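In what follows, a single structure is set out as structure tokens and then discussed.
Please read these numbers as outputs of a predicted model, since none were measured by experiment.
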Amino acid sequence: MVKAADRAKNPARSSVWLEKRAARSGGGPAGLDRDRIVAASVRMLDEEGLAKLSMRRLATELGVTAMSLYWYVDTKDDIIEYAIDTVYGEVDLTAVDAAGGWRERIRALALGYRRMLVRHPWMSAVAGQYLNIGPNAIAVGTKIQEAIRETGLPITRQPSAMSAVFQFVYGYGTIEGQFSRVAQQAGMSQDDYYTDSIKAFREDEQFMDALEGMTDILDERQSHGSVDQIWDRDFDYALDVLIAGIEVMVERSRDEDQ
């Protein structure tokens, strides 16, 4: 077990899920517990982002002193790790189990992961900074491994397939979530923000030559429908491509074994 005080000495093994936390004597502040702290931190992260999260501001949000938080967490990193695992818990694993075969389960997992990233744009920035070994993250990872295992790919290729699908989802959900946040900060709908931004650079003379070979796809996207429809259409098709690719590689591995 890793002690909180030793985190800086060995960051590769540092996680709130590994540390041995010293018991606090006496009772904690009335009406406060870790779940309430984490729920407030998720709200703050969703509304204001990582840069604005601090122990002092979180305490103010909860109506307690900053020192009160230390009954339940040792550092801001603890809070972020708990917040990460909390939002992993939003992926509906019951729906995954009910989805059917491995293709349907991969789609259900991918959609759940994408929606979680879009709801919580701060998640993308911290996903690679922590070990993500909380119970909800492990539960999601287990379902991903089970679905990929059932594809029939050899064990040496299964991690690559997981990366192909879920790193795609990570990138897609990150861009979608950030676009939504930027539009919101501009006080515009996604549709209006997209239309105005595309129009701005298409009408700028310095971009006209560079865009000459892109006009057909820009026209198609603007005529397709709302931004939400475009997000869904592109995601669904890209996921179909990846699943079809897995099917091809399964057949290839079988041919190689013969």
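Leu111 and Ile230 sit in two unconnected hydrophobic clusters of ILVMFWY residues. Membership requires side-chain heavy atoms under 4.5 Å apart, directly or through other members. Met208 and Leu218 are members of different hydrophobic clusters when ILVMFWY side chains are connected at heavy-atom separations under 4.5 Å. In the hydrophobic clustering of this structure, Ile198 groups with Leu211; members are Ile, Leu, Val, Met, Phe, Trp, Tyr whose side-chain heavy atoms approach within less than 4.5 Å, directly or through other members.
Using a 4.0 Å cut-off between charged side-chain N and carboxylate O, Glu150 and Arg105 make a salt bridge. Classification of Asp236 and Arg107 as a salt-bridged pair fails, no side-chain N sitting under 4.0 Å from a carboxylate O.
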Please walk me through it: do Arg103 and Glu247 pass side-chain contact (heavy atoms from CB on, under 4.5 Å)?
CA-CA 10 Å; Arg103 297 166 185 81; Glu247 293 170 338; 2.5 Å; yes
Please test Lys52 against Glu47 for salt bridge (Lys or Arg N to Asp or Glu O under 4.0 Å), starting from the C-alpha separation and ending with a verdict.
-> CA-CA 9 Å; Lys52 297 291 183 67; Glu47 293 170 3; over 6 Å; no
Leu131 vs Leu18, side-chain contact (heavy atoms from CB on, under 4.5 Å): CA-CA, chis, key distance, verdict = CA-CA 10 Å; Leu131 294 180; Leu18 294 173; 3.9 Å; yes
Dump the intermediate steps for side-chain contact (heavy atoms from CB on, under 4.5 Å) on Trp122 and Asp46, then the final yes or no. CA-CA 7 Å; Trp122 54 271; Asp46 288 347; 2.7 Å; yes
* Asked: Are Gln190 and Trp231 close enough, and set up right, to give a side-chain hydrogen bond (donor to acceptor under 3.5 Å, both in side chains), and what steps lead you there?
  -> CA-CA 11 Å; Gln190 288 192 64; Trp231 285 124; 3.1 Å; yes
Determine, step by step, whether Tyr70 and Met55 satisfy the side-chain contact (heavy atoms from CB on, under 4.5 Å) criterion, reporting the C-alpha distance in whole Å, the side-chain angles of both residues, the deciding distance to 0.1 Å, and the verdict. CA-CA 9 Å; Tyr70 292 102; Met55 300 293 266; 3.5 Å; yes
Given the rule in the side-chain hydrogen bond (donor to acceptor under 3.5 Å, both in side chains) test, do Ser68 and Thr65 qualify, once you have shown the distances and angles that lead to the verdict? CA-CA 5 Å; Ser68 299; Thr65 65; 2.8 Å; yes
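Applying the salt bridge (charged side-chain N to carboxylate O under 4.0 Å, His left out) test to pairs two or more places apart or on separate chains, those with a residue in residues 202-221 are Arg202-Asp219, Glu220-Arg233, Arg221-Asp234. For residues 82-99, the set of pairs meeting the side chain to side chain donor-acceptor pair (under 3.5 Å) definition, not counting sequence neighbours, comprises Arg34-Tyr82, Asp85-Asn136, Glu90-Arg119, Glu90-His120, Asp97-Lys143.
A distance-only check finds no donor-acceptor pair linking the side chain of Tyr130 to the backbone of Val16 [under 3.5 Å]. In this structure, the side chain of Lys76 engages the main chain of Leu53 through a donor-acceptor pair within 3.5 Å. At least one donor-acceptor pair closer than 3.5 Å links the side chain of Gln229 to the backbone N or O of Ser226. The closest donor-acceptor contact from the side chain of Asn132 to the backbone of Ala127 lies under 3.5 Å. At least one donor-acceptor pair closer than 3.5 Å links the side chain of Thr151 to the backbone N or O of Ile148. Between the side chain of Glu176 and the backbone N or O of Val118, no donor-acceptor pair lies under 3.5 Å. With hydrogens and angles ignored, the 3.5 Å screen pairs no side-chain donor or acceptor of Glu61 with any backbone N or O of Met44.
Taking CE of Met249 as the reference point, atom CZ of Arg254 lies at 13.0 Å (rounded to 0.5 Å). How far CD1 of Ile37 is from CG of Leu69: 5.0 Å, rounded to the nearest 0.5 Å. Here the straight-line distance linking atom CG of Leu109 with atom CH2 of Trp102 works out to 12.5 Å at 0.5 Å rounding. Atoms CD1 and CD1, on Ile84 and Ile133 in that order, are 11.5 Å from each other to the nearest 0.5 Å. Between the CZ atom of Arg56 and the CE atom of Met67 there is a distance of 11.0 Å, given to the nearest 0.5 Å. A distance of 10.0 Å separates CD1 in Ile79 from CG in Asp74, rounded to the nearest 0.5 Å.
Checked against the 6.0 Å centroid threshold, Phe179 and Tyr193 count as a close aromatic pair.
Across all non-hydrogen atoms, the minimal contact from Ile106 to Ala147 is CG1-CB, 3.9 Å. Smallest separation of non-hydrogen atoms from Ile80 and Leu50: CD1-CD2, 4.0 Å. The shortest heavy-atom contact between Met123 and Leu117 is CB-CD2, 4.1 Å. Here the closest heavy-atom approach between residue Ala164 and residue Leu242 is recorded as O-CD1, 3.8 Å. Pairing each heavy atom of Ala40 with each of Leu58, the nearest pair is CB-CD1, 3.8 Å. For the pair Leu45 and Ala83, the tightest heavy-atom approach, listed with the atom from each and the gap, is CD1-CB, 4.0 Å.
Phe235 and Phe168 have parallel rings, their planes meeting at less than 30° on a 0 to 90° scale where 60° marks the start of perpendicular.
A cation-pi arrangement is absent between Arg114 and Tyr172, since the terminal nitrogen or guanidinium carbon is not both under 6.0 Å from the aromatic centre and inside a 45° cone about the axis.
For the pair Phe166/Ile144, a side-chain contact is recorded, criterion being any heavy-atom separation below 4.5 Å from C-beta on. Between Arg157 and Ser253, the closest side-chain pair of non-hydrogen atoms is not below 4.5 Å.
Enclosure of atom CZ in Arg181 by more than 12 non-hydrogen atoms of other residues, nucleotides or ligands within 6.0 angstrom is indicated. Residue Glu251 qualifies as enclosed at atom CD: its count of foreign heavy atoms under 6.0 Å is above 12.
Remark: Arg149 pairs with no residue by the salt bridge (Lys or Arg N to Asp or Glu O under 4.0 Å) rule, at least two apart or across chains.
Side-chain contact annotation: Thr195 with Asp192, donor-acceptor N/O pair under 3.5 Å absent.
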